[in-house]
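Below is the structure I would like to discuss, written out as structure tokens.
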Amino acid sequence: MRLSKNFIPTVKEIPSDALIPSHQLMLRAGMIRSLSAGVYSFLPLGYKILKKAMEIIRDEMDAIGGQEFYLPALNPIELWEETGRVKAFGDTMFHLKNRPLVLAPTHEEVICSIAKNHLKSYRDLPQIWYQIQMKFRNEPRPRSGVIRGRQFFMKDSYSLDATWEGLDVNYDLHAEAYKKMFTRAGLKFFIVGASSGAMGGSASQEFMLESESGEDTCTVCDGCGYAANMEVATSALQKAHRDNESKAITEISTPNVGTIDELKEFLKIEERYLAKSLVFMQDKTPILVLMMGNDQLNESKLLSALGSDFRSCHPDELKSLTGADAGSIGPIGLQGFKIIVDRRLQGGNNLVSGANKNDYHIANIDLQRDIKIDGYFDLRTVNAGEPCPKCSKPLRVVNAIELGHIFKLGTKYSDALHAYYLDENGKEKPIIMGSYGIGVERVVACFIEQNNDKNGIVWNNALAPYHVHLIQVNSNNEKVVSIAESLYKKLQESLVDVLFDDRDDVSPGFKFKDADLIGIPLQIIVGEKNVNSGNVEMKSRSTGKRDIIEISKVCQYVEKFLES
RNA sequence: CGGAACGUGGCGCAGCCCGGCUAGCGCACUUGCUUGGGGUGCAAGGGGUCGCGGGUUCAAAUCCCGCCGUUCCGACCA
């Protein structure tokens, strides 16, 4: 492709709205332009790269027997009413004003409606159905360029099975396919156990990429490779140990002591003896949550412990429910509360907690003796430096970008939409589903996040928009022009995809800067210096290494380079 | 949705606090010359409803009010 005739609008200056490297570079290299918040046009260069990413994904999906669909973005709203997801998505789903249609944010409903009409027998199963298409989500806050947009390409696949064992097989096939895709794309990723959240289902893993600009938080262990989303992460931190003797309960005066730190200072005791109380409302039931010391409650963990949504209490509500303000609330003497306790406190005795009376605490609480407890759960948030639950090395806490997510969905959607099949015994059963997503733009943006330098992007062969970047340095030199032209022709004949900088109105420095910015792995530089002795220069974008080679050996060199 | 900032030729910005000549600078663009291995140099040009609406004033890019847009922090994130 000739740069003189094609549209790759590179820019020198960094657009002020772009903060992260991938966003800045995608704009500067002429890959994308923004149209409005979270909505991007892909220009020819960017689209070419996006298609490369899709091709890798498609290839690995086909390899596990996936069948590609093209599904409608416009969905009748009634379909979404049936699964209750109009409400579940709420404002995140785009609604059309002049038809009862919504823009699909994902496609479980459509897949199910097809399955329901055509997969009637266990003999029709299993199936893997996938699509690589635009999804629409009215994100309240788009950010980080194409990493969180309001419309984006997603590879979504759905496994349809007759048995739970079959689901396990398809789930594992997807996990393996994902590893292959991301490895081929050159991404340094890790896999975490995750919360399946409101999506429902039994197991779920996320494919993550460590990045400062990530919106998820994960713990990772550099020792053994353990990694988990903070929503489910645990550590091998010591539990409360039980003193031999449980002392008698006593009320103690603690004037002006509100926080755990103040209490620790005031009583001069170890933090592990302190039980912090938090109050939530679930429907109309007040919930008291006990945490050790300064341990932070993780709301995702609480959500899975409670099973349904909850909210925190207003200050005046706290006072009327417990008789005290936050800071003096405790488990002793509460009426009508459900009490749940973090596992770290399990078995604890001689604990101090609020007395439900301002400025007073109760000492020597024995959880087994003094309180009726409705359950122990892991509720705390892991902190950096705590020991890994597998190997006890210190954990790191990192931000990460979610590239892909695989779920064992189960029968939630097939039940709601009556997608049933007949088993060997002629018995009607819901199809068992899995759902597996990948953010395509994220694959591209994440690659750039991990592969750039001060001059621009550094593509690998898998995602690079062109195989080689041919630079004709001196357009006024006939010999340079004729050699560059003949190399262009010859390379194209060898099926090499060439970006040819044949511009005659641009200085050499400008061309080199553009080449480094766009970041094609191999640059072929045709300049006066070398052609006079029958040579051209091959420059690797990643290493900066230059080889002077004979003109006749260019194709051979390129071939070898592309294989590596 | 809560908090904050910004909005001035295509891009990056100055001017605004303290109202007053024809709204400026760099990049990009056009033309000519120049240069030709790391965003050449010189010269001459074109391009602006100063986000939108209202108000104050003799006079508003500048002060006041409202709205819209964009970005950041938080909440949310299937």
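All values below were derived from every heavy atom in this structure, side-chain atoms included, with hydrogens, water molecules and symmetry-related copies excluded. Below, read A as the first sequence line, B as the second, and so on, with proteins coming before strands; counting in each chain starts at 1.
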Check the angle between the aromatic planes of A:His174 and A:Tyr178 and answer parallel, tilted or perpendicular using the 30° and 60° thresholds. perpendicular

Base-pair string, RNA chain B, Watson-Crick plus G-U, cut-off 3.5 Å on both distances, | for inter-strand, is (((((((..((((......[...)))).(((((.......))))).....(((((..]....))))))))))))....

### Task
Using only side-chain N and O atoms of A:Ser16, determine if any of them is under 4.0 Å from OP1 or OP2 of B:C13.
yes

Between A:Leu403 and A:Cys446 the two heavy atoms that sit nearest each other are CD2-SG, 3.9 Å

I'd like to know whether the aromatic ring centres of A:Tyr158 and A:Trp129 sit less than 6.0 Å apart in this structure.
no

- Quickly work out the A:Asp17 CG to B:A5 P distance and round it to whole Å.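 Answer to the nearest Å: 17 Å.
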
Would you mind reading off the distance between A:Leu517 atom CG and B:G38 atom P, rounded to a whole angstrom?
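A:Leu517 atom CG is separated from B:G38 atom P by 18 Å.
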
- request: Would you classify A:Lys539 as touching base, sugar-phosphate or nothing, given that sugar-phosphate means primed atoms plus P, OP1 and OP2, and contacts are heavy atoms under 4.0 Å?
  value: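 Touches a base.
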
Winner on side-chain proximity to A:Ala37, out of B:U71, B:G12, B:A78, is B:U71

P spacing across the pair B:G45 / B:A4, given as an integer number of angstrom
48 Å

Nearest-neighbour nucleotide for the A:Val473 side chain, B:C76, B:G37, B:G36 considered: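 Selected nucleotide: B:G37.
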
Here the distance between atom P of B:A78 and atom CD of A:Glu109, to the nearest Å, is 15 Å

Sticking with atom P, work out how far B:C1 lies from B:G20, rounded to a whole angstrom. 37 Å

Rounded distance in Å between the P positions of B:G54 and B:G12:
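Comparing P positions in B:G54 and B:G12 gives a spacing of 28 Å.
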
Is there, by distance only and without an angle test, a donor paired with an acceptor across the side chain of A:Glu537 and the base of B:G37 below 3.5 Å? yes

To the nearest 0.5 Å, what is the distance between CG on A:Asn6 and CG on A:Leu499?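 Reported value, rounded in 0.5 Å steps: 8.5 Å.
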
Minimal heavy-atom distance between A:Met230 and A:Val382, with the atoms involved, is CE-O, 3.0 Å

**OP:** Sticking with atom P, work out how far B:G9 lies from B:U62, rounded to a whole angstrom.
**Re:** 15 Å

Given atom CG of A:Asn138 and atom P of B:A75, what is their separation to the nearest angstrom?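 Going from A:Asn138 (CG) to B:A75 (P), I get 19 Å.
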
task: For A:Asp514, report the nucleic acid contact type (base, sugar-phosphate, nothing); a contact means any heavy atom under 4.0 Å.
output: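 Base: the residue A:Asp514, judged by heavy atoms under 4.0 Å, touches a nucleobase.
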
* Asked: On a whole-Å scale, what distance lies between the C1' atoms belonging to B:G19 and B:A23?
  ->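 One C1' to the other, the span is 14 Å.
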
Note: for A:Asp505 and A:Met154 on RNA chain B, the residue whose nearest nucleotide lies more 5' is A:Asp505

inquiry  = At 4.0 Å (heavy atoms only), tell me whether A:Glu215 reaches a base, stays on the sugar-phosphate, or touches nothing.
reply    = base

**Item:** Step-by-step salt bridge (charged side-chain N to carboxylate O under 4.0 Å, His left out) determination, A:Asp453 to A:Arg541
**Value:** CA-CA 10 Å; A:Asp453 61 22; A:Arg541 174 65 180 91; 2.8 Å; yes

Self-check item: Nearest-nucleotide pick for A:Arg141, side chain only, options being B:G12, B:C72, B:C73
Solution: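 Of the candidates, B:C73 comes closest.
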
- request: Compare side-chain N and O positions of A:Thr92 against OP1 and OP2 of B:C77 and report whether any pair is under 4.0 Å apart.
  value: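 Negative; the distance criterion is not met.
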
*How would you label the contact of A:Arg148 with the nucleic acid (heavy atoms, under 4.0 Å): base, sugar-phosphate, or nothing?*
base

- Task: Determine the contact category for A:Arg33: base if any of its heavy atoms lies under 4.0 Å from a base atom, sugar-phosphate if only primed atoms, P, OP1 or OP2 are that close, otherwise nothing.
- Result: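 No contact.
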
- Task: Check whether NZ of the Lys or CZ of the Arg A:Lys135 lies under 6.0 Å from the centre of the six-membered ring of A:Phe153 and within 45 degrees of that ring's axis.
- Result: no

Winner on side-chain proximity to A:Leu19, out of B:C72, B:A78, B:G37, is B:C72

Quick check: any donor-acceptor pair below 3.5 Å linking the side-chain of A:Glu528 to the base of B:G36? no

Per atom distances to the A:Arg85 side chain, the nearest of B:A78, B:G12, B:U71 is B:A78

Next item on the list: Scan A:Asn476 against the nucleic acid and name what it touches under 4.0 Å (heavy atoms): base, sugar-phosphate only, or nothing.
Entry: base

Fill in: Spacing of the P atoms in B:U22 and B:C50 (rounded, Å)
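The same atom, P, in both gives a distance of 16 Å.
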
With the side chain defined as heavy atoms from C-beta on, A:Glu13 is closest, among B:U40, B:C27, B:G37, to B:C27

What distance separates A:Leu417 CG from A:Cys112 SG, expressed to the nearest 0.5 Å?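 Taking CG in A:Leu417 and SG in A:Cys112, the distance rounds to 5.0 Å.
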
Distance between P atoms of B:C13 and B:C6 (Å, rounded): 13 Å

Correct closest heavy-atom pair for A:Ala484 and A:Gln472 would be CB-OE1, 3.7 Å

On the side chain of A:Arg143, is there an atom forming a donor-acceptor pair with the base of B:C72 - under 3.5 Å, no angle test?
no

Note: for A:Leu35 and A:Val526 on RNA chain B, the residue whose nearest nucleotide lies more 5' is A:Val526

May I have the step-by-step check of salt bridge (charged side-chain N to carboxylate O under 4.0 Å, His left out) for A:Glu68 and A:Arg58, ending in yes or no? CA-CA 8 Å; A:Glu68 188 171 4; A:Arg58 183 171 285 125; 2.6 Å; yes

Of the listed B:A78, B:U70, B:C76, the closest approach to the A:Pro140 side chain comes from B:C76

- Message: In whole Å, I'd like the distance from the CE atom of A:Met93 to the P atom of B:A78.
- Response: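 Distance, rounded to whole Å: 15 Å.
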
Can you tell me which residue among A:Phe190, A:Phe447, A:Phe189 is in a ring-ring contact (aromatic ring centres under 6.0 Å, His included) with A:Phe182?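 Per the ring-ring contact (aromatic ring centres under 6.0 Å, His included) rule, the option paired with A:Phe182 is A:Phe189, out of A:Phe190, A:Phe447, A:Phe189.
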
From NZ of A:Lys12 across to C1' of B:U40 the rounded distance in Å is 11 Å

Query - Touch class at under 4.0 angstrom, heavy-atom based, for A:Asp156 against every strand present - result: nothing

Any N/O donor-acceptor pair, A:Asn477 side-chain to B:G36 base, under 3.5 Å: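 Absent.
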
Expected list for residues 464-472 of chain A near RNA chain B, using heavy atoms below 4.0 Å, is none

- Just checking, any donor-acceptor pair under 3.5 angstrom between side chains of A:Asp261 and A:Asn294? yes

Practice item. Kindly state each residue pair satisfying side-chain hydrogen bond (donor to acceptor under 3.5 Å, both in side chains) with at least one member in residues 26-43 of chain A, sequence neighbours excluded. Key: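 The answer is A:His23-A:Tyr40.
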
**Q.** Nearest-Å distance for atom pair CZ/C1', residues A:Phe7 and B:A28
**A.**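 These atoms are roughly 13 Å apart.
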
note: A:Arg150, atom CZ; B:C77, atom P; distance rounded to Å ~ 16 Å

Q) Expressed as a whole number of Å, how far does the P atom of B:C11 sit from that of B:G48? A) 14 Å

